[in-house]
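Below is one structure; the comments refer to it alone.
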4 protein chains.
Amino acid sequence: MNLADSRERHEGPPRGRPRSEAVERSIIEGAVKLLEDGVPLADISIERLARTAGVGKATIYRRWSGKEELFVDVMRATEPPDAELPGTSMRDDLIALLEPLRRRGLASRSSALLHNVYAQIKTSPKIWAAYQATVIEPRRRTTFEVLRRGQRDGELRDDVDIEVINDLFVGPMLVRAVMRPEAELPEDLAEQIVDAVLTGLRPPGR
Amino acid sequence: MNLADSRERHEGPPRGRPRSEAVERSIIEGAVKLLEDGVPLADISIERLARTAGVGKATIYRRWSGKEELFVDVMRATEPPDAELPGTSMRDDLIALLEPLRRRGLASRSSALLHNVYAQIKTSPKIWAAYQATVIEPRRRTTFEVLRRGQRDGELRDDVDIEVINDLFVGPMLVRAVMRPEAELPEDLAEQIVDAVLTGLRPPGR
Amino acid sequence: MNLADSRERHEGPPRGRPRSEAVERSIIEGAVKLLEDGVPLADISIERLARTAGVGKATIYRRWSGKEELFVDVMRATEPPDAELPGTSMRDDLIALLEPLRRRGLASRSSALLHNVYAQIKTSPKIWAAYQATVIEPRRRTTFEVLRRGQRDGELRDDVDIEVINDLFVGPMLVRAVMRPEAELPEDLAEQIVDAVLTGLRPPGR
Amino acid sequence: MNLADSRERHEGPPRGRPRSEAVERSIIEGAVKLLEDGVPLADISIERLARTAGVGKATIYRRWSGKEELFVDVMRATEPPDAELPGTSMRDDLIALLEPLRRRGLASRSSALLHNVYAQIKTSPKIWAAYQATVIEPRRRTTFEVLRRGQRDGELRDDVDIEVINDLFVGPMLVRAVMRPEAELPEDLAEQIVDAVLTGLRPPGR
DNA sequence: CTATAAACGAGACGGTACGTCGTGTCTTTCC
DNA sequence: GGAAAGACACGACGTACCGTCTCGTTTATAG
């Protein structure tokens, strides 16, 4: 990301000493380490990050313009790899897509990241937009494809707005992770949600 | 709330000059004013709040122990009054309960509060718990009652966990407000969601 | 001095917590201590001064606008008390006035102050002016009075510009202290200078 | 000077690309230019010097070990050529030696150099010693020779320490340049001083 | 003509200090 | 004893230089 990176503006071969990738890694890893150790996000200052990574402050500011921007890359570094779709049916694909969201709420590592960093990132519209564009949107797009395929194959009604459909599946899972992260999530939650939404909540035979 | 309030500990008649309610109001109103004016939450310091309200810093700390705690009261001050339930059917009651959530995403005033302050509050577990207990939980309880009544009256299946059911209705609305607050929300969104969840997304006749 | 002090601008009784004199003293004393310990002036940062005095940086900046201004007060704190004039003759008074200048070059304490701080102060015209006005000028004035009295009493020619006369006495002493501070100064240097300048350097009988 | 020059240590013919004299010149000239433009010495960083001269920082550090050392060469580059002695008499030679000091206080260019750089150089004992040895001492030696010749020729008393005599002539001129550089210096100041010191300040006939 | 080696412009790097701001507490005076 | 004012120790902010260190490139001598 490195929105602050001004090198990209120039043409021609890069001049001067190149930026160290090792340094970049050690900063991100230092941040992840601190979060894993339970340090509150508010207590993670650029100053402390620099100390932890054994790095000068300027080296951080050379790459990111501030804490929010840096943490977009931190988030990205901890994103689970994209789920593999079984492809057996739309139902199974949806479950596979929701499952990682459920897991997030469990692992203390990801939990800290999701519930604190996520909140922090939201406070800056620009950063939030960047995070959405590079992390959330791709997944959304994948889900949409699965849903449209489902409509084509007759597994899904096609008289409801696809965006609403998406929210009907994703929303219930996310509302738990965001609003009640401390609550336990049953292992088959993804299955429960997908099936209930497909079948409907009206009692059978009405 | 006023966790910092130390008066409650003492017995007997209050001594000395009583606290001015006007001061209390002007602090909260000052905070709301700043938020409405689009000042980023990060730029609202206790120092600035005191200046804005024409009040000493100590006067603020005498009432709240910090920014998060203060903003719980600010949030409460802007909460819409509880929705009135028509009582005609579970479906109508659910729509009435979801409708305020939809409106939140529209008014710029509430939008700022929800998407920034909300995020900020989440960073402090203690404060988040307090907010949940006094603001969110009561509504949740109301919703649960409506759902249970629906089960009793045969409007709702009773073989699905009531908590999951709750999320199936609330989640889709919230995921929009939280993840894509800038998107337009169709006026009949609450209706769409409730009906779709009740009916199910499987194509009719399958 | 406290050029940075903005309180003086306001009328009426001072409001809020008054500035602590003890803090003021401990800052100046800390600076003097560091200089006495041989710490190079260039190594005395505001940051270090604050650490040494156990004081916040803002507390220093509240009183002085920077290092130069602060060191004017440090210099003033170490100025020797004004010499007492015997009054027996112009010659004796002049010697009494020059003697403290000679001593300056000896004591390691004052030496450090004179030869480093002095140089530092000179780099800022504004500060140098303030130092001259409050420290140097008063002594100059005293010397001028002594010289004029000498002219009245017939101890001194009155056909030479009094400013030049002043320099003839003060210059030789100062040139040693400033240009060759490491050289030893004979104990009767003040006497030697005054007598030589009075008598003239032409061989007797020419 | 080039104390940092490490090439001299090696034997044999120099290998690799030789140092560019043009670069050396452009650095010094850049420094002189900045000083003439009234840039405060404190604002002239190595970084800025490199930018101004269009030169890499390492190129500067390859030649000088720091700012003070560099400015010794800058000072040397602006030293007026040694005064030519008329040789007609000790009095005339002394006046010729003092005259350049008087002129220094006038020209804004040299003024900036003398009163700021000079002060800066003094803060580093090592550099100050180097400056004294290569610039000041030679002049001092010349003055001493003139004075001794004067003693031999009967123009000067020989019962006063020659170092004190030197200070009696040089001090009055220098005290003006150093302590009151802003004051106007009468054109015949050198003459006034030399004659007054030779004749003495006692009224004639006492 | 190639190889070697140092100089060079550029700029990254770990640091330190800058001067400002906000934190939560403390100390005044006035009410 | 409440309240406004503002001092206080602390520590983070983002910037500027420090002196050192790679980079790719240039310019000399040696073979």
Side-chain angles (χ1 to χ4, degrees), chain A residues 7 10 13-20 22-23 42-51 53-63 65-67, chain B residues 4 7 14-20 23 42-51 53-62 65-67, chain C residues 7 10 12-20 22-23 43-51 53-63 65-67, chain D residues 7 10 12-20 23 43-51 53-63 65-67:
Chain A
R7 295 199 123 192
H10 305 299
R15 313 232 287 162
R17 176 174 174 178
R19 294 197 185 151
S20 160
V23 158
D43 290 3
I44 303 185
S45 56
I46 297 280
E47 202 118 36
R48 180 167 180 179
L49 263 171
R51 271 196 306 269
V55 139
K57 275 200 291 178
T59 301
I60 295 182
Y61 282 110
R62 208 172 282 125
R63 291 171 163 76
S65 71
K67 218 164 82 167
Chain B
R7 293 197 124 195
R15 313 231 300 154
R17 178 171 168 179
R19 288 195 189 154
S20 157
V23 160
D43 291 3
I44 303 185
S45 54
I46 297 280
E47 197 115 13
R48 180 166 181 180
L49 266 172
R51 272 198 304 271
V55 136
K57 276 200 293 176
T59 302
I60 294 183
Y61 281 110
R62 208 171 284 124
S65 73
K67 215 164 84 165
Chain C
R7 294 199 123 193
H10 305 300
R15 313 233 291 162
R17 177 174 171 177
R19 293 197 186 151
S20 157
V23 159
D43 291 3
I44 303 185
S45 55
I46 297 280
E47 201 117 19
R48 181 168 183 179
L49 263 172
R51 271 196 306 269
V55 139
K57 276 200 289 178
T59 300
I60 295 182
Y61 282 110
R62 207 172 284 126
R63 291 170 163 74
S65 71
K67 215 163 85 166
Chain D
R7 293 200 122 192
H10 305 299
R15 311 237 297 159
R17 177 174 171 178
R19 291 197 188 153
S20 159
V23 159
D43 291 4
I44 303 184
S45 55
I46 297 280
E47 198 116 12
R48 180 168 182 178
L49 264 172
R51 273 197 306 269
V55 137
K57 277 200 293 177
T59 302
I60 294 183
Y61 283 110
R62 206 173 286 123
R63 291 171 162 75
S65 71
K67 214 163 84 166

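These numbers were taken from a predicted model, which means no experiment stands behind them. Chain A is the first sequence line, chain B the second, and so forth, proteins listed ahead of strands; every chain is numbered from 1.
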When every nucleotide of nucleotides 18-27 of chain F is labelled 5' to 3' by its protein contacts under 4.0 Å (heavy atoms), B for base, S for sugar-phosphate only, - for none, what sequence of letters results? BBBBBB--BB
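- Distances shown here put every side-chain N or O of Ser20(D) at or beyond 4.0 Å from the OP1 or OP2 atom of dA7(E).
- The OG atom of Ser45(A) lies 8.5 Å from the NZ atom of Lys57(A); values are rounded to the nearest 0.5 Å.
- Here dA16(F) presents its P atom at 12 Å from CZ of Arg62(A), a figure rounded to the nearest Å.
- Taking the side-chain contact (heavy atoms from CB on, under 4.5 Å) definition, one finds that Arg51(A) meets it with Glu47(A), Arg48(A), sequence neighbours left out.
- Atom C1' of nucleotide dC17(F) and atom CD1 of Ile60(D) are separated by 13 Å, given to the nearest angstrom.
- Rounded to a whole Å, the CG atom of Leu49(A) is 15 Å from the C1' atom of dG14(E).
- Among all heavy-atom pairs drawn from Gly56(A) and Ala50(A), the shortest one is C-CB, 4.3 Å.
- The distance from atom CZ of Arg19(C) to atom C1' of dA5(F) is 13 Å, rounded to the nearest whole Å.
- Both Ala50(D) and Gly54(A) lie close to DNA chain E; mapped to their nearest nucleotides by heavy-atom distance, the more 5′-ward contact belongs to Ala50(D).
- Comparing Val23(C) and Arg51(A), the nucleotide of DNA chain F nearest to each residue sits closer to the 5' end for Val23(C).
- OP1 or OP2 of dG14(E) lies within a sub-4.0 Å distance of a side-chain N or O belonging to Thr59(A).
- Residue Leu49(B) holds its CG atom at 8.5 Å from NZ of Lys67(B), rounded to the nearest 0.5 Å.
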